[in-house]
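Let me begin by presenting the structure, written as structure tokens, before commenting on it.
Values in this document were obtained by computation on a predicted structure and should not be read as measured data. We're numbering straight along the sequence, starting at 1.
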Amino acid sequence: MLNLTLTALAPRFPIFEPDDFALWFQTNLVVLLASFTPDSLVVIPRNISCCKDVPTEDNQPGGLDSLSPSQKVDLILDPSTGALENETIINNVFTSLLKSPDDRQLGAFFDAFVAATKQRNMTVISNTAVRDTMLNLTLTALTSKFNVFDANNFTVWFQINLVLLLPSLNKSSLTVIPLNISCDSYQAIVKGFDNVFATFSMEQSGNILSFALNYLSGKLTQGASCMSMLANNRNWLEKNFGQFRVYASYMNFVKLNKDFNGVDVVDLLTQTQVAQLCTTPGQVKRAEDVKKIMAVIPPSNYGSFFDIVSPAIQENEANYTYEVRSAMLQEIFDKGDLSAPSITDTEILVWLTVRLSPLLQNLTKSQVTSFFDVVQDRSCNTSQEAVNVLDSLRSTLSEDAKSEVYRNILLSLKGPSPIRCYEGGSFYLFVTSTFLHFGSPDVTIILSLMPNNRKSELINSILPSELGSFLSQPKVIDNGTELCTIFNNYNRTPDFLETEDIPDEARRQVLPCVWPLALSSDKEAEVDLWFDKRLKLYLKFLTKDLISFTQVQNANCLPFRKIISLLGNNYNYNISDFQQKDVYKTIVSYLNTGTKPKCYNAADPQLNSTSWFVNYIGVFITYMSLADLNTFISIDQQSSIFLEDPKNIQLFSNPAIPVDVTSFYTSQIYIYNPTFNPLLLPSKFLCQVPSSAYIPLNSTESIEILDKLKQFCNGSGDPEISAALAGNFESINEVTIKSLGKASTGLTAGQIEAAAPSVIVSSLQTLSTLTGWNQGQANALIKTITAGGLQINSASSLLSLGTLIKGVPTTTFTSISPSELITASQNPAFITNIISAPEIVQYTYVDKIISLNQDPNIVIQNVPDEMATKIPRVLLTFSQESVEVQKLVKKTWTQEQAVVFFEKVTSGTQDPEILPLSVLQGFTCSGVRNTQISKVKGLIKACRPRTGQRKVVLKETQLTCMYSYVRDDVPQTFTDYPSDMLLYYNYEKVEQVKCKSYFTATGAADFSVLSKVLNKEASLLNNAKNCLGITGTNISRENVEVLGNMGCILDGSYIENSDSLILEKLKNCNDLSDTQITAIEKVLLAGNTKYGDVSTWNQQTLQDLGILPLYLTRDFWGRFDYSVKRQFLKVFMPQLRENKTPKGKLRQLFKECNSLRFKRAAGCTIGNITQYTISNEAFPFGYDASQFDLCLDVNIVRDNLAGLTEKVVDQDFQKIILVKLNQAYPTGIADEQLQVLGSVSRVASTDDISKWNVTKIDTLAALMNPDDGEWEPDKSKAIITKYLSTARNTLGTAELNSIGGTNLCSLDASVLQDITASSLRNANALNLSSCSTELKKVLYRTANASYSAQSSDAGAYYQLISPYLGGAPISDIRTISAQNISMDILTFKSLDKEVVMNLTVSEVRELLGTSVGDLKTFENDTFIQDWISAQFQSQLNKLGLGLTGGRADPPPGGEIGLNSTSSTSNTAATTTSGITEGMTTATTPSASGSGSSSGGTYNRPALTLLGLTIIMLQILL
């Protein structure tokens, strides 16, 4: 209405009179004026007279009063009204607000004012008078309310409402604010002021600061104003002062807050305040404080800043810690840029003497450098003043700091303009005066200050006397090299040495400098002058360096020879830093330079002596190595003339010289002079004379040599020497044997048999003590002894045979009473000797002892511990009460024996940890079926690898059995378990954090134990790679170490690409594949392993490779020369034979390393094979088949058959031996020869065998020795048949043990039927895997009868009968299944397949017991798969193993066969139970963890009867 009305009146306003305006605005529109807005004023003309009545305070008080606060805001902000430029209008508006009875008008006005100004983006009221009026009127109005305002009210007014007015604040404005308001209210006001800080003048800011100080002074409580609820100094300062703090002094803050520390808020302080902070005691405490402070001071202001701070520090040093002063100094050095060219020397002097002075005390080493950087490139005067300043503070400096001062002074003297301050005079005096008290000049200092182009000049300015005086000062010689620089430039060195007496310490250091001069002398007189006069007092100070090759390599021969003489003639090595071996090292290097032999010239009288070794090596010869000697002696050099020089030979007779050196020296004598008589050598040399040197001797000379060997060499243990000397005697008598002594082992069997028996008998005391007899020699000796009348029928006679016991035939032992044998066994030497005898002899010996009393405990007592392996298994079936565990565990056992008594021994042992590995190897599921679970686990842990003990070797079925007991355990340490068992561990249960420790533990395992059908190797490798982060085929050294023996399953790509440490791991493998071997060779030939480049390979390389050379090919062996290979094989082959390395591997080794090519010849070109040749351990290396044939005489074969067959493994060579043996014995080969035929026998044809006389058990046993290789069935049958064709020869226990199961399987069933129960009963367990089903049945029937007496002990009976169960009928297998046996899976697979296919699921579960989980483990085995496929799947599911592949169940009412009926009955008869700790017996752990168990204490016969009853009922129904 108002707007419409005004719009209607607008045209008339220009002609309105005052009365008209009064009528309308004071009467007609009064009720509408409340809606008056700034827009309403637009229609009123501006040119009306003042007298016209507009709605103002002057002409109508009620007009402004009628406006709302927001309308008043609009009125004053409307630019058209000009209110903000009209103090009167503002005054009227605010008067109307203040006079309003509604005290909320003012607040409402400012609410609208704030909103409107914000909307208009209004940030300033430029009319100061208007703003002053608004602020003063507002503050006046608010004064009465301040006392009731809270912090929020103050926040609203001072931070929101009055923002645009606060720039008009003055001192009187602040007086209206009461001083009794709260700290929060005060801080709200300060915040408001702070928000418009930029609008205040300095005077206003000062007024505000005064107000703040006044207020805060009145709020002091416990030394702090308005501090409560504020977290720290920063909050306190900002809240209470805002930006007005810049006008305060630092002490203002400290007075108002006793805990105030400006360091925390240094960024909020002015530089003046920061300076005041630093001069305030106790404020700056740490280096960190200084860093914070200096961070806010611009480096350009450092001077003015420290003009304030440094004097304060100087005056109050105690108030400033070293840390603080040092930190300030460091800041100056780091940021002050005092080295800038813009800073004058005058300014620098002010810094040095005033500003830095109180900070330099205790200067650090690093600060010294910074200090000198300031004066670098300054004038000499300034630089010296810097040193003077530091010299005045020297007492406060550390030794390191002083040293740094010293170093910097030195640097200043060096450059960049060397000695620029030097003006002449004594250079030495100049240097010493420059350093003041920071050190005296030494050799290095003086030389370092000398420019290179003036060095000689300055050095030679020193007189010898001055030099002597200088060098006599303590510690002046600090650097030997620099000292030598002086003498290298000094022209008066000889004068100095002859005239100046300097201290010993100086002589010690001068000697290296003048040493080259002495070594360069080339005249005898000059050499004597140097070593006998000038250096006489100096030589005791020779050092390792001075006598080193580096120092003497250019010495002339005469001074070098003089040195060797002096050092070898009572030189006092106790005071030197080198020893004779160091001198020798230099000798070797020196003599190997230049033309060889060095220092020998036949045309020079001073250098033509052939006593070369004496002159140039002398007493140092004891340090010579074989490699060294090789460098001195060469076919292409003149050095060969030194070998026979008597003085040299005498020198080499020193017993301290290594044996290989004297041996080589001696051998070289014979290379250059093969006819050299060994009797002309010193006796000690004979110990190293090559065996070939003794071959030409006659018997008399041989006896003389033998006597010397005994006296000086303790006889000869070298088989080659023994053979060489023994071969020199055409006939053997007592004197010969006495002379031969140890060399008697070199006699051939032919020589022994040709000797008179009386000679051998009379020499028995000597012969019986010798070791090294082969079987042929031992047999010949015993044969000859018995022919000589010696009766072997008592303990004493057996003991008299000593090492010859191995040649005693079995028939002899059978004729001796058991008591005599037991008496002999009390002698440890006898036991040692008989253990080296053939197996059949050992079995016979033990069998005879057992015949005395077969009570198991008596047997254990009578049979020696070391020979317990020969006790029949059946005699180890102790009763639980009678087993004497303590005796039993001390003996050595085979695994087949241990499984028999394991159950009884472990039940009688509380602590499994005490059991030896020979007992622990008997662990089986059958053996622990009645053992508490906790004890079983203890037995498993007892089989873990232990430091210092051999590994418990376990078969796969033993390992899977162990795992079935611990599969659900979470091991804390995998090394608590046998490493081989961990191969079967479920990797899914291994925590990722423990996977590395798991593979570290499995790294000790024998991976060859894994059956290929399990395909475990691939999964183990993949899991290991994932665990260790291995990608590709590159395995790091660390991971190779972790994987350990897993390297044995890696293919060639891994070997080629992994760290070479893998070669060391491959040494542990039982075998290597062709691809692995190829990779190994590739890695070795690359030359990047520890074995070095191919060019450096030698015999040591082969030795370091361990077992690996056994597998390597001719590509590898071709890198070695003949002699190296021969020497290596002399050591390697005996090791391989001792370890019973399979003949196939030895054969392959010989083929690869002996790949020689000879020109075809009509005769022997390499050398006839003799007893001496055969005695070489490397024999027949060096021969090919053709030469072997041509060089081997029939007589040699006859007389050395055992030696030949022991070493020859190549089948072509063996055939040659056999041909020549047949030539030697055209009518047939006798037992004696057959007993030592060894692996040669395997190349015989059946026609050859038909001519053999196999009549003795010793012969049969020797021929059947499995170490010599497998027999073809027809050949083994022929041999056994020939043996049985001899009267009274049968397949008794001894024969069965000798023949073994595999060879036994070559016989006909009719022959096996003749084996008696007693024979089989006492025999070893036979491996019948190669037997036909018919033969297995025959042997089972005999075995069943053999062990019937043990049937009451189900566990022992099972272990005894298990090798023969392959021939057992189903009824017997079902009987076993009901006896809680826990048959292992291998035995299960050995059963007649027809029998197994008729066994039901429940019967198999009962049969396998704890081992039932192996059905899952071996489910990929064809035998197991066939059985699974024959079973109903529903029945297989009851095993809980996850087996699949069974038959579908028949439909209801369908055909029910015997299997399903039996299954039902047996299922009904099965009691299940879990494995519960503490139970009397061990129940069956299932493969899946939830299967049923077959163990327990229930009555199995009763359950069997129940099952049969159910079957009968089903049939009847």
Partners passing side-chain contact (heavy atoms from CB on, under 4.5 Å) against Glu1270 (at least two apart in sequence or in another chain):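 With neighbours one apart ignored, the set is empty.
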Between the side chains of [X] and [Y], is a donor N or O closer than 3.5 angstrom to an acceptor N or O?
X       : Y       : result
Thr960  : Thr957  : no
Thr810  : Asp1258 : yes
Glu1295 : Thr1290 : no
Asp1248 : Ser1245 : yes
Thr1141 : Asn1139 : no
Asn1398 : Glu1394 : no
Asn1420 : Asn1015 : no
Arg1198 : Asn1195 : yes
Asp1372 : Tyr1340 : yes
Asp1231 : Thr1255 : yes
Asp1051 : Thr1075 : no
Thr1387 : Asp1384 : yes
Ser1329 : Asn1327 : yes
Thr1259 : Gln1235 : yes

Any side-chain heavy-atom pair of [X] and [Y] under 4.5 Å:
X       : Y       : answer
Phe1132 : Leu1102 : no
Thr869  : Gln897  : yes
Gln1233 : Asn1253 : no
Ile1217 : Leu1201 : yes
Leu1339 : Ile1315 : yes
Arg873  : Glu896  : yes
Phe1388 : Ile1385 : yes
Pro872  : Ile850  : yes

Name the orientation class of the two ring planes belonging to Phe1179 and Phe1188 (parallel below 30°, tilted from 30 to 60°, perpendicular beyond 60°).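 The arrangement is tilted - the two ring planes meet at 30° to 60°.
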Anything under 30° is parallel, anything over 60° is perpendicular, the rest tilted; go ahead and classify Tyr1364 against Tyr1347.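 Because their plane-to-plane angle lies in the 30° to 60° range, the rings of Tyr1364 and Tyr1347 count as tilted.
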Answer yes or no: is there an ion pair linking [X] with [Y], defined by an N-O contact shorter than 4.0 Å?
X       : Y       : value
Lys1337 : Glu1334 : no
Lys1143 : Asp1268 : yes
Asp1267 : Lys1140 : yes
Asp980  : Lys951  : yes

Has Lys870 got its NZ or CZ under 6.0 Å from the middle of the six-membered ring of Tyr843, at an angle within 45 degrees of the ring axis?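 Relative to the ring axis of Tyr843, which defines the angle, Lys870 lies inside both limits.
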For [X] and [Y], work out which heavy atoms get closest and say how close.
X       : Y       : result
Ala898  : Gln921  : CB-CG, 4.0 Å
Ala1294 : Ile840  : CB-CD1, 3.8 Å
Leu959  : Val1009 : CD1-CG2, 3.8 Å

Partner set under side-chain hydrogen bond (donor to acceptor under 3.5 Å, both in side chains) for [X], not counting sequence neighbours:
X       : result
Asp1421 : Lys1389
Thr1316 : Ser1318, Ser1319
Ser1276 : Ser1306
Ser918  : none

Sort and list the pairs that fulfil salt bridge (Lys or Arg N to Asp or Glu O under 4.0 Å) and have at least one residue in residues 1306-1325, not counting sequence neighbours.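 Output for this query lists Lys1277-Asp1308.
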Keeping the roles fixed (side chain from [X], backbone from [Y]), state whether a donor-acceptor pair exists under 3.5 Å.
X       : Y       : answer
Gln1187 : Ile1166 : yes
Lys1207 : Ser1175 : yes
Ser1411 : Asp1414 : no
Thr1205 : Val1236 : yes
Asn1289 : Tyr1283 : yes
Lys1016 : Ser1011 : no
Asn1297 : Asn1324 : yes

Selection [range] - residue pairs positive for disulfide (SG to SG under 2.5 Å), sequence neighbours left out:
range              : value
residues 1278-1314 : Cys1305-Cys1331
residues 1206-1266 : none
residues 1217-1255 : none
residues 1265-1303 : none

Is atom [atom1] of [X] surrounded by more than 12 heavy atoms (other residues, nucleotides or ligands) closer than 6.0 Å?
X       : atom1 : value
Asp1074 : CG    : no
Lys1151 : NZ    : no
Lys1251 : NZ    : no

Residues forming a salt bridge (charged side-chain N to carboxylate O under 4.0 Å, His left out) with Lys806, sequence neighbours excluded: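 Once residues adjacent in sequence are excluded, Lys806 has no partner under the salt bridge (charged side-chain N to carboxylate O under 4.0 Å, His left out) criterion.
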Under the salt bridge (charged side-chain N to carboxylate O under 4.0 Å, His left out) test, which residues partner Glu866, sequence neighbours left out?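 Partners of Glu866 by the salt bridge (charged side-chain N to carboxylate O under 4.0 Å, His left out) criterion come out as none, since no residue qualifies.
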Single hit among Trp1117, Tyr1183, Phe1213 for ring pair (Phe, Tyr, Trp, His ring centres under 6.0 Å) with Phe1150: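 Per the ring pair (Phe, Tyr, Trp, His ring centres under 6.0 Å) rule, the option paired with Phe1150 is Phe1213, out of Trp1117, Tyr1183, Phe1213.
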Check against salt bridge (Lys or Arg N to Asp or Glu O under 4.0 Å), Lys1393 and Asp1426: CA-CA 9 Å; Lys1393 189 168 186 178; Asp1426 290 346; 2.3 Å; yes
Under the side-chain contact (heavy atoms from CB on, under 4.5 Å) rule, what do Leu1149 and Leu1136 come out as? Steps first, then yes or no, please. CA-CA 11 Å; Leu1149 169 63; Leu1136 295 177; 3.6 Å; yes
